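Given the structure is predicted, the values throughout are model-derived calculations rather than measurements. Computation of the quantities below employed the complete heavy-atom set of this structure, encompassing side-chain atoms and omitting hydrogens, waters and symmetry-equivalent molecules. Chain A is the first sequence line, chain B the second, and so forth, proteins listed ahead of strands; every chain is numbered from 1.
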Amino acid sequence: MLHRRAVAVGAGLAVLLAATCLAYLCVGESFVAPGEVLKVLAGRPSADELVVGTLRAPRLVVGLLVGAAFGVAGGLIQTVARNPLASPDIIGISQGASALTVGAMTFGVTSYTVLPYLSVAGGLLAAALVYVFAWRGGLHATRFVLIGIGFAIALRSVTTLFMTKGDYLVAQQAQIWMTGSLNGRGWAEAAPLGWTLLVLVPAVAWAARAQRAVGLDDDTATALGVRLNRVRLGLVVLGVVLASVATGAAGPVDFVALLAPQIARRMTRTAQIPLVCSALLGAVVVVLADLLGRKLFSPTEVPVGVFTAAVGAPYLIWLIVRSRTVRSGVKA
Amino acid sequence: MQARRPVALAAAVLALLLAILFSLAFGARAIPPSAVLDALLNGGHSDAAEVVRGLRVPRTAIGLMVGAGLALAGTVLQGITRNPIADPGILGISQGASVGVVLAIAFAGIHTLTGYVWFAFVGAAIASVAVYAIASSGRGGATPVKLALGGAAINALLVSVTTAVLTTKASALDEFRFWQVGSLSGRDAEIVGQVWPFLLVGAVLVLSVARGLDALALGEDVARGLGQRVATVRIVGGLGATVLTGVGVAAAGPLAFIGLAVPHIARAIVGPDHRWVLPLAALLGPTMLLVSDTVGRVLFPPSEVPAGVMTALIGVPFLVGLVRRKAVPA
């Protein structure tokens with residue numbers, strides 16, 4: 001059952017995303033007219049082939065995919081935890097991914113085709129730890145968030161430990177990576193990311209259906225024959241994988257996973273988090289943030305994560321202040 | 001409880017003395033305790049004596065002061081927020097001090113502790129006011145979860161400010177990355193002399209509100225009924241915690257979880273009376289920090305694990321236990 005409003009919001013977001021992408025390809029150190037950009041995209045010969053097709057387009061693709069993956073990941077984890085604050089960047093998943101990735105960087109691994117796998121492993125490992133330690137005859141949302149915050153702090157300090165071990169250049173690279181940056185991403189990085197996410201599409205489709213069952217109260221779901229704990233675990237694992245894949249490609253871009261699903265839900269006014277809309281919104285946020293980061297303080301480039309944090313942190317604060325139910329921490 | 005208290009205090013003093021000895025004796029090379037004492041009492045210019053006096057004494061002294069400061073800060077924060085998981089790190093106050101230091105390094109061209117420390121104070125103060133304001137607004141007041149989340153939000157925001165500065169001012173990163181992790185290594189004797197006045201001021205502020213904290217533990221209304229000025233207790237206590245955290249971060253970087261764990265251990269030993277909890281915390285904090293630091297030094301010689309990482313690794317199981325035991329009301 002699709003809500004008409006959700007479809008309208010989705011279409012609106014898709015148009016917004018397309019416009020943002022076009023702007024992204026036009027604006028940069030040199031301005032390329034929209035007509036030329038479209039020419040390049042259509043594969044016709046153009047003088048701007050290098051700038052648009054080789055430099056900006058792959059970076060845009062990485063940004064799009066990363067944003068969408070974070071949006072969906074946040075939606076899934078928030079659904080299972082039934083808490084808008086249980087986002088991968090708050091409860092230690094991004095920090096686990098960072099710790100393992102930065103650790104590998106300091107030991108000389110610099111290939112963006114290897115790092116994403118380590119990132120996924122780190123994210124899963126951290127999620128498993130938080131899950132195990134927060135489990136006590138059930139997964140209480142408050143306990144989950146508090147223990148996640150604790151692990152996030154500890155893993156961050158492990159990451160900084162690795163940064164002191166490497167030489168200066170590695171530290172600088174790791175520092176930029178840790179903020180979340182799309183700088184220097186080309187087709188070599190965009191392609192594996194795209195394939196990985198494509199493989200996960202069926203799983204996301206399953207999740208969109210399963211999500212509705214989890215949203216029901218426990219008794220109803222069980223009566224309908226849903227194996228609640230398995231479904232929940234499946235959703236969490238998928239969410240963690242998506243978040244970690246995205247982290248591997250662009251670093252832990254803060255707050256996208258937290259923001260996108262909640263804003264999408266408010267826009268569509270659905271009870272459940274609309275996954276498609278939150279994917280679109282995540283992509284818009286990341287692309288727009290990267291565009292601003294490239295242009296605003298030019299020639300200095302500010303990593304995309306700085307902008308998402310600058311927008312996301314006040315939003316999180318607003319969420320805490322406004323929330324009537326954070327106290328019990330149960331309902332989204 | 002009454003008879004236990006002096007015994008507990010004496011035992012804590014003994015433990016601290018052992019931790020100091022431990023810290024002076026172990027390192028990249030072990031020096032027997034007799035040689036350590038000899039170096040301290042009789043001087044001399046042997047290699048061992050030089051290492052002990054030149055490197056390990058300042059390091060140990062910084063550990064003593066910072067450990068005591070953070071433990072006192074944690075105790076008073078838990079008291080004024082009536083929140084068992086309050087800690088300068090979790091609440092984002094340490095991160096606020098860090099941002100102050102980063103800005104001092106990158107933009108003000110300041111590279112000395114006496115220069116840093118004022119920036120650290122301002123950063124810590126802004127962060128603590130912000131977190132408390134966020135958590136106490138809205139329904140339900142400053143609950144543990146709201147404080148922790150407010151801290152997480154401020155932390156994330158401040159981390160991004162730090163990174164923005166460090167990625168654009170590459171020169172600051174090299175100085176900052178070693179300090180950021182929280183470490184006692186490479187601090188020279190001069191810093192010791194600069195830290196203690198701030199520590200003293202902070203400690204006096206904190207100790208002066210001990211009775212107010214006891215009253216506050218009974219609830220705000222009761223505290224008012226007992227004639228305590230609740231707002232004054234909170235402001236003076238918060239100021240003390242800010243000064244202690246700021247100077248601790250300026251001297252040793254953000255050291256996680258000491259402010260969280262130590263107050264709980266102290267309360268478990270001597271009960272809730274802050275006039276006993278505070279002094280005991282001031283003894284246990286440095287013990288924990290010095291032991292963490294020394295263990296970090298001998299774990300993977302010749303390189304060392306910074307104290308900040310050790311305390312974080314020790315602190316997490318503690319937090320997990322605390323949250324699981326339901327000491328934290330939901």
Side-chain angles (χ1 to χ4, degrees), chain A residues 85 89-90 133-134 136 140-143 145-161 163-165 168 171-172 175-176 178-181 254-255 297 300-303 305-310 312-317 319-330, chain B residues 85 89-90 130 133-135 137-140 143-146 148-161 163-164 166-168 170 173-174 177-178 180-183 253-257 260 303 305-306 308-309 311-313 315-320 322-324 326 328-330:
Chain A
L85 301 155
D89 36 15
I90 303 278
F133 282 109
R136 195 180 155 186
H140 192 275
T142 309
R143 202 160 53 219
V145 171
L146 287 178
I147 288 180
I149 290 176
F151 272 95
I153 293 177
L155 287 166
R156 203 180 293 139
S157 89
V158 172
T159 310
T160 22
L161 165 69
M163 281 184 63
T164 61
K165 295 296 171 199
Y168 174 66
Q172 198 174 21
Q175 177 77 42
I176 292 173
M178 270 195 332
T179 327
S181 169
D254 267 342
F255 288 112
F297 296 97
T300 311
E301 195 174 283
V302 180
V306 171
F307 276 94
T308 58
Y315 171 76
L316 173 57
I317 289 165
L319 206 61
I320 297 165
V321 171
R322 273 290 307 274
S323 172
R324 275 166 287 173
T325 44
V326 168
R327 208 167 128 77
S328 60
V330 177
Chain B
I85 63 157
I90 292 179
I134 292 164
S137 56
R139 282 200 201 177
T143 61
V145 181
K146 281 170 77 183
L149 284 167
I154 293 290
N155 256 325
L157 186 66
L158 294 172
V159 167
S160 87
V161 172
T163 328
L166 292 181
T167 44
T168 47
L173 174 63
D174 210 27
R177 67 177 168 140
F178 290 103
Q180 182 184 30
V181 62
S183 170
L255 294 157
F257 291 117
L260 177 79
S303 77
V305 181
V309 176
T311 57
L313 295 181
V316 161
F318 192 88
L319 175 71
V320 169
L322 201 63
V323 174
R324 285 179 70 91
K326 292 217 82 164
V328 181

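Looking at F255(A), the atoms closer than 4.5 Å to chain B (heavy atoms on both sides) all sit in the side chain, from C-beta outward. Residue contact with chain B, scored on non-hydrogen atoms closer than 4.5 Å, involves the side chain of I149(A) exclusively. If you measure heavy-atom distances from L313(B) to chain A, the contacts under 4.5 Å come from the side chain alone. For L260(B), no part sits under 4.5 Å from any heavy atom of chain A, backbone or side chain. L319(B) touches chain A through its side chain: at least one heavy atom from C-beta onward sits under 4.5 Å away, while N, CA, C and O do not.
Atom CD1 of residue I90(B) and atom CG of residue N155(B) lie 9.5 Å apart, to the nearest 0.5 angstrom.
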> Should V316(B) and F133(A) be marked as a side chain to side chain contact (heavy atoms under 4.5 Å, CB included) after you check the CA-CA gap, both sets of side-chain angles, and the distance that decides it?
Replying inline: CA-CA 11 Å; V316(B) 161; F133(A) 282 109; over 6 Å; no
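Looking at I134(B) and I154(B), their side chains come closer than 4.5 Å, going by heavy atoms from C-beta outward.
Ranking T308(A), V302(A), I153(A) against chain B, the residue ahead of the rest is I153(A), based on heavy-atom pairs under 4.5 Å.
Smallest separation of non-hydrogen atoms from A134(A) and I147(A): CA-CD1, 3.8 Å. Between A309(A) and A156(B), the shortest heavy-atom contact is CB-O, 4.4 Å.
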